[in-house]
Protein chains: 2
Amino acid sequence: MSDLLERLRERGWRLTAQRRVVAEVLDGEHVHLTADEVHARAIERLPEISRATVYNTLGEMVGIGEVIEVATDGRAKRYDPNAHRPHQHLVCSRCGTIRDVHPHGDPLASLPAEERFGFAVADVEVTYRGLCPDCARAAA
Amino acid sequence: MSDLLERLRERGWRLTAQRRVVAEVLDGEHVHLTADEVHARAIERLPEISRATVYNTLGEMVGIGEVIEVATDGRAKRYDPNAHRPHQHLVCSRCGTIRDVHPHGDPLASLPAEERFGFAVADVEVTYRGLCPDCARAAA
DNA sequence: TCTTGACTTGGACAAAGTCCATTGTAGGAT
DNA sequence: ATCCTACAATGGACTTTGTCCAAGTCAAGA
Ligand SMILES: [Mn+2]
Ligand SMILES: [Mn+2]
Ligand SMILES: [Zn+2]
Ligand SMILES: [Zn+2]
């Protein structure tokens with residue numbers, strides 16, 4: 001059983017076949033899938049699972065902090081099961097490939113107090129953009 | 001005439017009433033408007049302007065770098081006429097208010113070479129999230 | 001003033017996501 | 001082992017955000 005599923009059980013969630021499958025797809029080989037990509041993969045294991053359930057389940061997992069929502073473009077949100085180790089994202093501006101990256105230092109430290117305008121700043125998201133090696137080669 | 005409009009003319013754009021109004025709305029008091037918010041304000045000055053034209057014009061301005069597209073949530077993109085002075089954004093997690101902020105140092109420097117995976121990194125977007133003073137008070 | 005290619009329009013279409021009435025079931029109670 | 005029921009799943013309608021296109025309009029140069 002996946003770690004994610006185990007944590008859901010500990011939170012008292014009813015373990016339905018649907019939630020099991022969504023957790024397994026997320027914890028599987030792929031990362032940063034869209035909701036519809038999760039749905040497509042879930043259907044291979046549980047053909048009758050509905051789109052609404054996938055959206056519901058992903059939304060609940062995000063709500064309790066077990067999954068992170070990533071919106072690197074203006075398109076569909078992506079769902080990231082890597083919610084334990086803090087990280088940021090490196091995105092190819094051409095093909096959209098996403099990689100996890102671990103910048104040095106505390107990104108919060110870069111925002112001085114006088115630039116916080118009284119906000120209680122709790123989190124930072126950093127998106128690095130550029131061409132991946134494949135796309136750089138194609139553009140040359 | 002707005003600075004933005006002046007720059008568009010220098011680029012040889014045909015200055016239609018529609019483009020004039022979109023530029024004036026963007027350069028006006030509000031920042032970080034959505035396309036439909038721009039449309040609503042544009043209609044007050046030019047009632048027959050179409051949604052398609054607002055989308056077209058904003059897209060063109062983004063394409064030539066006179067306006068920046070900001071996607072801080074999974075909702076509608078926002079359009080930022082402040083494309084001259086590099087800056088980042090501070091967003092209230094509850095009400096969605098957006099403020100321009102100017103972090104210290106070069107945000108690109110935080111990503112070491114061994115974490116770039118061969119990408120030609122060209123740009124960084126940083127989004128700081130937290131509660132604004134009003135929302136912090138309401139939550140207390 | 002005339003011409004013309006660039007611009008605008010409205011409506012159809014598409015993608016991503018939400019909502020809800022109905023139906024099904026996980027898991028505790030008996 | 002069976003029953004109950006609150007919680008979860010379903011699917012289809014609906015909403016939001018954005019794109020596309022054929023037809024009509026017009027800014028600006030000749
Ligand atoms: Mn990630
Ligand atoms: Mn801004
Ligand atoms: Zn690429
Ligand atoms: Zn707020």
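Chain letters run A, B, ... following the sequence lines, proteins first and then strands; every chain starts at 1. Source: prediction; values computed, not measured. The figures that follow rest on heavy atoms only: side chains count, while hydrogens, waters and symmetry mates do not.
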Below 4.0 Å: OP1/OP2 of C:dG24 and any side-chain N or O of A:Q18: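 Checking C:dG24 against A:Q18, no side-chain N or O comes under 4.0 Å of OP1 or OP2.
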Under 4.0 angstrom between A:S50 side-chain N/O and D:dG11 OP1 or OP2: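 So the side-chain polar atoms of A:S50 never come under 4.0 Å of the phosphate oxygens OP1 or OP2 of D:dG11.
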Indicate the atoms forming the closest heavy-atom contact of [X] with [Y], along with that distance.
X	Y	value
B:C132	A:F119	CB-CZ, 3.5 Å
B:S50	B:H39	C-NE2, 3.6 Å
B:L90	A:F117	CD2-CD1, 4.2 Å

Provide, to the nearest angstrom, the distance between the [atom1] atom belonging to [X] and the [atom2] atom belonging to [N].
X	N	atom1	atom2	result
A:R11	D:dC7	CZ	P	18 Å
B:I49	C:dC7	CD1	C1'	12 Å
A:R19	C:dA26	CZ	P	12 Å
A:L8	D:dC7	CG	P	17 Å

Footprint string (nucleotides 23-30 of chain D, 5' to 3'): B base within contact, S backbone only, - free, heavy atoms under 4.0 Å: ---BSS--
Single hit among B:T72, B:N82, B:D100 for side chain to side chain donor-acceptor pair (under 3.5 Å) with B:H32: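 So, applying the side chain to side chain donor-acceptor pair (under 3.5 Å) to B:H32 and each of B:T72, B:N82, B:D100, only B:D100 qualifies.
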Check: B:T53 side chain, B:I49 main-chain N or O, donor-acceptor pair, under 3.5 Å: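 Not at all, since once roles are kept as given, no pair shorter than 3.5 Å links the two residues.
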First encountered from the 5' end of DNA chain C, between B:T53 and B:G74: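 The residue whose closest nucleotide sits nearer the 5' end is B:T53.
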Gap between atom CH2 of A:W13 and atom CZ of A:R20 - 0.5 Å precision: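 With rounding to 0.5 Å, CZ (A:R20) is 13.5 Å from CH2 (A:W13).
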Approximate separation, where rounding is to 0.5 Å, of A:R41 CZ and A:L26 CG: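 Result: 10.5 Å between the selected atoms.
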side-chain hydrogen bond (donor to acceptor under 3.5 Å, both in side chains) contacts touching residues 110-120 of chain B (sequence neighbours left out):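 Applying side-chain hydrogen bond (donor to acceptor under 3.5 Å, both in side chains) to every pair that reaches into residues 110-120 of chain B, excluding sequence neighbours, yields A:H102-B:E115, A:Y128-B:S110.
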Under 3.5 Å, N/O pairs linking protein and nucleotides 11-16 of chain C:
unit_1	atom_1	unit_2	atom_2	d
C:dA16	OP1	A:R75	NH2	3.1

